S.K.: 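The following block contains the structure, expressed as structure tokens.
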Amino acid sequence: MNFPKNLSDKLETRRQNKSLRILPQPNDLIDFSSNDYIGFSKSEAIFNATHQFLLDYNIKRNGATGSRLISGNHILYTETENYIAQFHQAESALLFNSGYDANVGFFSSVPHKGDLILYDELCHASIRDGIQLSNAKSYKFKHNDFEDLELLIQRCYAERSRSTLLNEIYIVTESVFSMDGDCPNMEELVAVSEKHNCYLVVDEAHALGVFGGKGEGLIQHLQLQDKIFARVMTFGKGLGCHGAVILGSNELKSYLVNFARSFIYTTGLSPHSVATILMGYHHLEKDKIALESLRENIVFFNQVKKMLYLSPLFVRSKSAIQSVIIPGNEKVKSIANALQQNGFDVKAILSPTVPEGQERLRFCIHSYNTKEDITKVLTLLSSFVY
Ligand code: PMP
């Protein structure tokens, strides 16, 4: 079978740029790359509780059987969404099949023609893809730079006075950025958003299970939940399973059920997946040790970084994501390979996933990393970069 030439040319360009993506083989290296921040994906307690829960409810089904609006809305959905809404101090919660689906569904349906979306330039691909599907105008603001954001807002207000086509402004950010691991100053951002009557949307994918007394995320840690129009939590990271939720008002939930196409036109999550999410949340209430170990390891990682004079090479971060910038796909890949050969699973993030010159090694810290392994991997890193 022939393969279209324009596609094979694109693959060839990636090969030449050393940026061709290939699926990695599973390995048993020491994990500094997964999003399983507090080890929930491997929790036997969650696995067993899910199984028992399904038996207790006599739910012996393998799939949802349809979209939630047709036949897929099994009883666990209501219980789980209510539990999650309460846990996150939100009026309501709506489950999506993934964080990707949640962002695409939200941004493609909520902002309308005449509205404006202002998003941080480092927002995740799922947010950008959703924005691309929207009929609203969108502009990016410089990363975590709220002066730049305000300039954009003022420019838009000036335009508004000349046209009737500017209705609502949506500001979009992440509470922990997925590639840099840094956090915006949320208090400042909330103030800017309130000052200009905007709707603030925050993706908390990498904050769930990391920040807050029970891992509720950065927004609740800062007690800002009532100021945010919509929060997106994803379950493939801290919660160790799969799926996502959008938190907001009852009206927002009803709107998404009616208009978010990635919610409407897809089979719902299976009862087993929803039960795993619910048991994951129950476990967050109970397992303080994992959260504490993660936090200790983040502090320890930062201390060792400093001791080895590596801090200036890293993006400043208090989260579980710690990125060291090593420009050039080839160079960063060779250092990642060397770390892997020494037993550590550290992944290189290449351009075009990040802009050229911003290639990096992305360390993900976990509750189950040992202090010895953290010291070893950073010592090795320092021998490769200095
Ligand atoms: N938002 C952010 C910030 C992410 O990092 C990711 C996953 N990389 C997603 C959304 C998508 O979540 P999911 O993996 O559940 O599709």
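Computed from a prediction, not measured in an experiment: that's the story for all the values here. Indexing begins at 1, ligand by ligand and atom by atom, following the structure's order.
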S.K.: To the closest 0.5 Å, what do you measure between CG (D148) and OH (Y139)?
M.R.: 13.0 Å
S.K.: Quick one: look up the protein heavy atom nearest atom 12 (O) of ligand 1 and list residue, atom name and how far away it is.
M.R.: G99 CA, 3.3 Å
S.K.: Provide the number and element of each atom of ligand 1 under 4.0 Å from a heavy atom of N103.
M.R.: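 Within the 4.0 Å cut-off of N103, ligand 1 contributes 1 (N), 10 (C).
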S.K.: Would you mind running through ligand 1 and noting each atom that sits below 4.0 Å from a heavy atom of A205?
M.R.: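 Matching atoms, with element in brackets: 1 (N), 2 (C), 3 (C), 4 (C).
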S.K.: When rounded to the nearest 0.5 angstrom, what is the spacing between OG in S178 and CG in N35?
M.R.: 9.0 Å
S.K.: Between the side chains of Q52 and Y57, does any donor sit under 3.5 Å from an acceptor?
M.R.: no
S.K.: Identify, by atom number and element, the atoms of ligand 1 in contact range of K237, meaning under 4.0 Å from any of its heavy atoms.
M.R.: 4 (C), 5 (O), 6 (C), 7 (C), 8 (N), 14 (O)
S.K.: Any N/O of G236 closer than 3.5 Å to an N/O of ligand 1?
M.R.: no
S.K.: Given S351, which partner from the list K18, E359, E356 fulfils the side-chain hydrogen bond (donor to acceptor under 3.5 Å, both in side chains) test?
M.R.: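 Single pass found, and it is E359.
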S.K.: Mark yes or no for whether N27, through its side chain, and D345, through its backbone, hold a donor-acceptor pair below 3.5 Å.
M.R.: no
S.K.: For S126, which part has a heavy atom under 4.0 Å from ligand 1: side chain, backbone, both, or neither?
M.R.: side chain
S.K.: Among protein heavy atoms, which sits nearest to atom 5 (O) of ligand 1, and what does the distance come to when rounded to 0.1 Å?
M.R.: H206 NE2, 2.7 Å
S.K.: Pick one: which of R316, R362, K305 meets side-chain hydrogen bond (donor to acceptor under 3.5 Å, both in side chains) with Q322?
M.R.: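 The passing option is K305.
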S.K.: Heavy-atom distance to atom 6 (C) of ligand 1: which of M179, H242, H124 wins?
M.R.: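 Closest candidate by heavy-atom distance is H124.
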S.K.: With respect to E174, determine whether any N or O atom, backbone or side chain, lies less than 3.5 Å from an N or O atom of ligand 1.
M.R.: no
S.K.: Please report whether the ring centroid of F259 lies less than 6.0 Å from that of F106.
M.R.: no
S.K.: For atom 10 (C) of ligand 1, which candidate among V176, D203, V232 holds the nearest heavy atom?
M.R.: D203
S.K.: Do the non-hydrogen side-chain atoms of L218 and H221 ever get within less than 4.5 Å of each other?
M.R.: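 SC-SC contact between L218 and H221 confirmed.
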S.K.: In terms of residue, atom name and distance, what is the protein heavy atom nearest to atom 11 (C) of ligand 1?
M.R.: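 So the nearest neighbour among protein heavy atoms is Y100 N, 3.5 Å.
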